[in-house]
Each structure stands twice: as C-alpha cells, then as structure tokens.
Amino acid sequence: MSQISVRPEIRRLDAYSPGLSIEEIRQKYGLSQVIKMASNENPLGASPLAREAMRRHAPFAFRYPQSGNPRLVRALADLHNVHPGRVAVGNGSDELIDLLIRLLVEPGRHNIICFEPCFSLYPIQAGINGARIRRCPLDTGRNDFSFNFDALLGLADGDTRLVFLTTPDNPSGHCPAREAVEKLSERLAEIAPRCLLIVDEAYIDFADDEAASSLLASRILPENAVFLRTFSKSYGLAGLRLGYGVLPPAIAEYYRRARLPFSVNILAEEAGLAALADTAFRGATFATVREGRQILTHGLSGLRCKVWPSSANFLLFRLPPASGISAGACFEALLEKGIIIRPLTSYNLPDHLRVSVGTPRENAAFLTAMRDILNRQRP
Ligand SMILES: *Cc1c(COP(=O)(O)O)cnc(C)c1O
C-alpha cells in the first residue's frame with residue numbers, strides 16, 4: 001500500500017454534484033435532442049457580442065492575460081459606480097467563494113455559517129479549507145424557505161469569519177428586501193466584528209425590482225459585506241468561467257495578492273467586456289426569463305404542483321401528493337423524454353425539484369412532458 005497520505009478533510013469529502021450534461025443523457029437514452037433545464041444557464045445562449053469578441057481575440061490566445069485584468073475591473077467598477085479597488089474578478093464566482101474562505105478562515109479554528117439547504121459549494125469549499133461549518137435551517141415551518149436572520153445570527157460567535165447569504169436564494173428563488181440584508185449586516189457587525197457577510201447575488205438581476213432587492217444595486221456598501229456576481233447566468237457565459245465581487249477595499253487588496261495570477265483567461269475577459277455592452281441581449285434575456293417564469297409557474301400550478309415564488313431564473317416545485325409519483329421518478333421519466341431538470345437530493349430536499357426557465361419552446365416541451373407523466377400515474 002502507498003504511504004501517501006491525504007488530509008482528513010479531503011478523505012471525508014462529498015464532491016459538488018453538478019446538473020447532468022446533455023451529452024451524458026443523449027448517450028444513455030440514445031436521444032437525438034435533449035433539453036437542459038438543470039443548471040440555470042441562459043436560455044438564449046451566449047451574448048452575440050461576446051461570441052464576436054471571442055472570435056476576434058482567438059488569435060491572441062497564446063498571450064498571457066494582463067495581470068489583474070484591469071480593463072475588466074474598470075468596466076465593472078463603472079457598472080456599479082464603485083472604486084476599482086473594490087472589484088475582484090475570478091474564474092467564476094466559485095473562485096471568489098473559495099479564496100474568501102481561505103483568506104479569512106484559520107483551518108480547525110474558525111467557523112462559517114450558512115443556511116440549510118444552500119448552494120452546496122459553500123459548505124464543500126469550507127470543508128476543504130478546514131473551516132467548521134454551522135448550518136441554520138431555512139424556515140420550513142412556514143414552508144416558504146424564508147430566512148430566519150435571528151436564528152442565523154444566533155450561531156455567530158467571535159470565531160465566525162464568514163456568513164453566506166444567497167439572494168435570490170438557490171434552490172428556492174426566495175428574495176428578501178434589501179433593508180433586511182442591510183439590517184443583517186449591521187447586527188452581524190455588532191456580534192462578530194471580524195466576520196464578513198457574503199451576499200451572493202448570482203441571480204439578483206432576474207428579480208422584478210433589482211434596486212429594491214440589492215444593496216449593491218442601490219450602492220449601499222456595508223463595511224463588512226461582499227457582493228458576488230457572475231457572468232454565468234444573465235450574461236450567458238457559464239462555460240467561460242467568469243465571476244466578480246465588490247469587496248471592502250482592504251479585503252479586495254488581499255484577494256488580489258492571494259489569487260492565482262491568470263485565473264481569468266484572455267477570452268473570458270474579452271467576452272465579459274463585450275457582454276457588459278450587450279444591452280440588447282440582456283434585455284431579451286430578462287424578458288424571456290420573466291415571461292417563462294410566469295408560464296412555468298402557471299403551467300405547473302395547473303398540474304396541481306406546489307410552486308414557490310421565485311425571483312430567479314428557476315423554480316422550485318413539488319409534485320401533488322395525490323399523483324403517487326416521487327420526485328426521483330419524475331426526474332427519471334423526464335430524462336427518458338430528453339428533458340434534464342435538477343433533482344435536489346444533494347440539497348437534502350429529496351421531494352423537491354428545480355427547473356430552470358428555458359426558451360418558450362423548451363418551457364412548452366417541459367410542461368407537456370410533465371402533463372404526460374402526471375396523467376400516466378393517475379389511476
Ligand atoms: C450559479 C451560481 C453561482 C455562479 O457560479 P460561477 O462560478 O460564477 O459559475 C454562484 N452562486 C450561486 C448560488 C449559484 O447558483
């Protein structure tokens with residue numbers, strides 16, 4: 001036997017479980033066409049201006065990117081009307097999540113707090129980095145997946161370094177008012193002055209009123225808050241890996257020092273800059289998602305599913321108990337019909353399903369398939 005030894009945190013690890021890919025399903029079921037509504041990607045694809053920028057810059061792929069991606073940083077600072085010193089970019093917001101944990105948490109000593117369920121990457125990266133993890137159950141008593149900030153703050157102590165909040169939340173779509181988030185940051189600053197509040201706004205631009213939901217959009221920047229955004233959803237660039245944050249200036253400075261030098265590659269940077277300018281694509285995306293969200297909500301409710309109100313580009317739902325079909329069986333039946341949605345066993349929600357808003361055609365195909373599946377089950 002090899003003597004090579006791996007850290008206990010890694011031996012214990014349950015890796016992130018992503019949505020299934022189109023290729024996996026095409027091969028497994030021998031399908032020619034597969035619809036993916038599993039990973040909250042942009043139903044309209046990638047921004048046309050971003051695609052053009054990638055074509056234009058492909059010949060320069062042999063060059064290293066400019067250190068620190070200053071053009072992209074400046075464009076993002078302009079977008080949010082903040083000093084460029086506050087802006088940090090990364091290989092997806094995943095890189096920011098991972099590095100912020102490593103910047104603040106001393107392994108084995110400090111703790112992080114997140115809701116249960118939440119985006120599974122927070123506890124996974126926290127575990128890899130040796131953080132203790134404290135989970136606060138979402139309000140499942142009222143069954144609305146709302147945030148109980150009193151209970152969340154009740155878990156904080158002098159060794160808490162990070163509190164994670166996703167708004168709108170994944171997988172529920174729940175979105176609190178920005179005043180509630182501001183109050184949370186104020187109370188956290190009193191209880192745990194060394195602790196950062198990470199506000200993950202991956203989906204916030206899909207909310208009906210972004211300014212009412214986002215401190216960042218309202219340019220209210222508490223000293224203990226980090227705001228994370230991504231190009232993976234509304235900008236349609238999930239495969240390129242580009243995310244960013246607006247951070248307290250001192251934390252942003254440490255982030256820049258600790259970051260891998262070229263984690264935002266040349267094509268991601270150019271595509272990101274172009275996507276920021278592609279207002280037509282963004283407008284079309286928001287129109288498609290807001291309309292699709294309504295159509296799916298209406299369609300699923302009509303099939304007597306329980307659908308949670310969502311401010312994001314996906315919906316959380318449950319099948320009608322009378323249907324006699326489990327969430328897992330429904331997920332499998334959809335796969336056989338070439339439609340991938342997201343089972344939520346990895347979120348500890350085995351009875352719930354999550355579907356990303358698609359194009360009008362995809363939404364219609366999904367609802368037709370759901371009708372077939374639910375009706376087939378009925379005695
Ligand atoms: C999709 C998503 C992100 C985006 O991650 P990237 O690494 O930027 O692709 C971040 N947070 C949450 C909660 C998400 O669902």
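Atoms within a ligand are numbered from 1 in the order they appear, just like the ligands themselves.
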Any chance the side chains of Ser213 and Glu210 put a donor and an acceptor closer than 3.5 Å? no
Using only heavy-atom distances, determine whether the side chains of Asp278 and Ser47 contain a donor-acceptor pair under 3.5 Å. yes
At under 4.0 Å between heavy atoms, is it the side chain or the backbone of [X] that contacts ligand 1, or both, or neither?
| X | answer |
| --- | --- |
| Lys233 | side chain |
| Phe231 | neither |
| Ser93 | both |

Phe115 and its ring-ring contact (aromatic ring centres under 6.0 Å, His included) partner, picked from Tyr122, Phe147, Tyr347, Phe145: Phe147
Residue from Trp308, Tyr203, Phe206 passing ring-ring contact (aromatic ring centres under 6.0 Å, His included) with Phe314: Tyr203
Please list, in number order, the atoms of ligand 1 under 4.0 Å from a heavy atom of [X].
| X | result |
| --- | --- |
| Arg241 | 6 (P), 7 (O), 9 (O) |
| Thr166 | 13 (C) |
| Gly92 | 6 (P), 7 (O), 8 (O) |
| Asn170 | 15 (O) |
| Asp94 | 5 (O), 6 (P), 7 (O) |

Backbone or side-chain N or O of Ser232 under 3.5 Å from ligand 1 N or O: yes
So is there a nitrogen or oxygen of Tyr203 less than 3.5 Å from a nitrogen or oxygen in ligand 1? yes
Any salt bridge between Arg55 and Glu52, counting N to O under 4.0 Å? yes
Before accepting this row, confirm whether a basic side-chain N of the pair Glu269/Arg63 lies closer than 4.0 Å to the acidic partner's carboxylate O. no
Before giving the answer on ring-ring contact (aromatic ring centres under 6.0 Å, His included), spell out for Phe281 and Tyr235 the whole-Å C-alpha distance, their side-chain angles and the decisive distance to 0.1 Å. CA-CA 8 Å; Phe281 175 76; Tyr235 291 98; 8.5 Å; no
Check for me whether Asn40 has a heavy atom closer than 4.0 Å to any atom of ligand 1. no
Option from Leu188, Asn111, Asp159 for which side-chain contact (heavy atoms from CB on, under 4.5 Å) with Cys195 holds: Leu188
Considering heavy atoms of the protein only, find what lies nearest to atom 11 (N) of ligand 1 and give residue, atom and distance to 0.1 Å. Asp200 OD2, 2.6 Å
